[in-house]
2 protein chains.
Amino acid sequence: MGRRGAGRPRAGEEPLTRERILGAALRLVDAEGMGALSMRGLGAELGVDPMSIYHHLPGKEAVVSGLVRMVYGEVRVSSAGGEGWRERVRGFARAHRDLARAHPNLVLQLVSSAPSGAATEAMLAASEPLFEALESAGLSAREVLGVVDLVADYVHGFVLAEVAVHSEPSDHRASLRELLEERPAGEFPAMRRVFGSISRKELRYDFDSGFESGLDVIVAGVEHLARGR
Amino acid sequence: MGRRGAGRPRAGEEPLTRERILGAALRLVDAEGMGALSMRGLGAELGVDPMSIYHHLPGKEAVVSGLVRMVYGEVRVSSAGGEGWRERVRGFARAHRDLARAHPNLVLQLVSSAPSGAATEAMLAASEPLFEALESAGLSAREVLGVVDLVADYVHGFVLAEVAVHSEPSDHRASLRELLEERPAGEFPAMRRVFGSISRKELRYDFDSGFESGLDVIVAGVEHLARGR
DNA sequence: ACCTGAACACCGTTCAAGT
DNA sequence: ACCTGAACACCGTTCAAGT
């Protein structure tokens, strides 16, 4: 089915490699989503019989995990040395949000393979600035490890919500408010008060400032930890 | 292919309903994972032709989102009234972690549909105690909405990591340390210091206390916000 | 009204065969 | 050594037909 005949690649045609396969897979996923990533479709994208891929990667699972590793390898944390630890913690979080936003169709795979081993090696270098920042904030080793996880978990949850909501037309806060208004008046008084005392403009969710104010709370919590010593 | 012949159900056999279908689907997913959930397999589990399901639910997507709604409907936040706001915030977070741990094979779907509309209605009642707690902590309406998202994002990221790591044999922190030791000595000094000054026992990750210490930091951050008024 | 089963257009992967 | 294509055992879903 491929464009070429069987056998070795002809002179002048670039041979199939792991890199070329993963590159094509990433283009496919970025452009058309995870659902478009099939071994057959990938073969077509490469102008090659689908089965040729199996000579470079053991199966579809390996294609996906290779994709995840490849994307995590792209992460660059801007560690402007002169900044305080607060700004360096934020820089780490922002770099990971940016990574996820660069490949929204891969976010589910990114966040669910980050904790397991798949991506650890690729994230090693990116994690150093975060460890360094938390250490210089005055945390104990135990506390550093805890906060590293907290920051990672928050970013993962946030980007998951961000891409899920972006792929929908309606504002999720506005629809929550509507849901609330359809209910009997006595129900959910606290939520009613919160949504009632906020303007429509304030209700419109801004992901950038939402992300930052989540970080505000975390940084304030870390400060509390550091003072406790 | 079904055990029954075509036509209406015979007297004495319970008819196929949305509830029976979703119940069977949840059993299937809990027992054998998301990969085992196929329309054909679900039909077999119900002793029915796979196509019969389409008379009660429009397709597989509807089965999955029905599952998510069903499970979110199970959440019960223990709101012991006498507790302070700190303990009520923690109670909300714990209830959601417990929900995810009760259905680990569904976690990916749970966390990725929570932010979009799918589960909002089912979570309305469960969210009231969190709003109430944050309000009574002294936060503004704007701040309450921000912290609600922070808590939800943290829990989502945490449970994702928890189930991903649990389905693996090795401890992820231990393997990070090993990775570090294989590197040239000058590399990643901060991570080396952190991992070096912690005992093997401390390194063994405990999800329960990890979850709680993440909440510690968040609660401390909320306290900072509340004092700022 | 509800259920069935053949058919269609897909999957991932194995394996023997080609050059 | 590398690539191919037929074949196998699956998918979700449409649609005409059964009772």
Side-chain angles (χ1 to χ4, degrees), chain A residues 1-26 28-29 31-68 105-106 108-109, chain B residues 1-26 28-29 31-68 105-106 108-109:
Chain A
M1 232 264 183
R3 289 200 333 260
R4 299 200 294 262
R8 316 253 278 277
R10 299 209 205 86
E13 293 194 0
E14 28 191 354
L16 203 51
T17 60
R18 213 188 103 99
E19 282 65 43
R20 236 159 62 76
I21 293 169
L22 292 180
L26 189 56
L28 211 61
V29 169
E32 307 183 47
M34 217 43 177
L37 182 64
S38 70
M39 298 304 270
R40 287 159 139 101
L42 189 52
E45 175 87 9
L46 288 159
V48 128
D49 186 282
M51 290 309 109
S52 303
I53 301 166
Y54 286 82
H55 286 274
H56 301 91
L57 288 155
K60 191 183 181 179
E61 232 172 80
V63 174
V64 175
S65 74
L67 227 45
V68 168
N105 295 334
L106 202 63
L108 229 64
Q109 281 69 32
Chain B
M1 232 264 180
R3 288 203 332 262
R4 297 202 295 263
R8 317 253 280 278
R10 300 209 206 88
E13 292 194 1
E14 29 193 350
L16 204 52
T17 60
R18 215 187 102 98
E19 281 67 41
R20 235 158 63 77
I21 293 169
L22 292 180
L26 188 56
L28 210 60
V29 170
E32 307 183 46
M34 217 42 176
L37 182 64
S38 71
M39 297 303 270
R40 287 160 139 100
L42 190 50
E45 174 86 10
L46 288 158
V48 130
D49 188 282
M51 291 308 111
S52 302
I53 300 166
Y54 286 80
H55 287 274
H56 301 90
L57 287 156
K60 191 184 180 177
E61 233 172 79
V63 174
V64 175
S65 73
L67 227 44
V68 168
N105 296 333
L106 202 62
L108 230 64
Q109 281 69 34

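So you know, we letter chains A, B, ... as the sequences are listed, proteins then strands, and number each from 1.
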From [atom1] of [X] over to [atom2] of [N], roughly how many Å is that when rounded to an integer?
X	N	atom1	atom2	result
B/L42	C/dT4	CG	P	13 Å
A/L28	C/dC11	CG	P	11 Å
A/L37	C/dC10	CG	P	16 Å
B/R20	C/dC2	CZ	P	14 Å
A/L57	C/dT13	CG	P	11 Å
B/M34	D/dC11	CE	C1'	15 Å
A/D49	D/dA7	CG	C1'	13 Å
A/R18	D/dC2	CZ	C1'	18 Å

Sugar-phosphate, base or nothing in reach of A/I53, heavy atoms under 4.0 Å: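 Answer is nothing: A/I53 stays at 4.0 Å or more from every strand.
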
Sugar-phosphate, base or nothing in reach of A/S38, heavy atoms under 4.0 Å: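 Sugar-phosphate, no base atom in range.
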
Between [atom1] on residue [X] and [atom2] on residue [Y], distance to nearest 0.5 Å:
X	Y	atom1	atom2	result
B/D49	B/Y54	CG	OH	10.5 Å
B/M39	B/I53	CE	CD1	4.5 Å
A/S38	A/L28	OG	CG	7.5 Å

Heavy-atom side-chain contact between B/L22 and B/L26 under 4.5 Å: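 No - every pair of side-chain heavy atoms lies 4.5 Å or more apart.
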
Heavy-atom side-chain proximity of B/N105 to B/M34 below 4.5 angstrom: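 No; the side chains remain at least 4.5 Å from each other.
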
Identify every side-chain donor-acceptor pair in residues 55-63 of chain B under 3.5 Å, counting partners at least two apart or on other chains, and give the distances.
| unit_1 | atom_1 | unit_2 | atom_2 | d |
| --- | --- | --- | --- | --- |
| B/H56 | NE2 | B/L16 | O | 2.8 |
| B/K60 | NZ | B/L37 | O | 2.9 |

Base-pairing string, 5' to 3', of DNA chain C - Watson-Crick or wobble, under 3.5 Å, | interstrand: ||.|||||...|||||.||

With sequence neighbours excluded, residues passing side-chain contact (heavy atoms from CB on, under 4.5 Å) with A/E19: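 A/T17.
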
Non-neighbouring partners of A/L108 that pass side-chain contact (heavy atoms from CB on, under 4.5 Å), sequence neighbours left out: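 Listed in chain order: A/L160, B/L108, B/S112.
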
Would you tabulate the pairs of protein nitrogen or oxygen atoms and nucleotide nitrogen or oxygen atoms of nucleotides 14-17 of chain C closer than 3.5 angstrom?
none

Among C/dT13, C/dT4, D/dT4, the one nearest A/M39 by side-chain distance: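 It is C/dT13.
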
Residue pairs involving residues 37-46 of chain A (criterion salt bridge (Lys or Arg N to Asp or Glu O under 4.0 Å); sequence neighbours excluded):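 Every salt bridge (Lys or Arg N to Asp or Glu O under 4.0 Å) pair that includes a residue of residues 37-46 of chain A, provided the two are not neighbours, is A/R27-A/E45.
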
side-chain N/O B/S52 vs C/dT4 OP1/OP2, d < 4.0 Å: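 The answer is yes; a side-chain N or O of B/S52 sits under 4.0 Å from OP1 or OP2.
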
Side-chain N,O (B/H56) to OP1/OP2 (C/dC2) below 4.0 Å: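 Checking B/H56 against C/dC2: no side-chain N or O falls below 4.0 Å of OP1 or OP2.
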
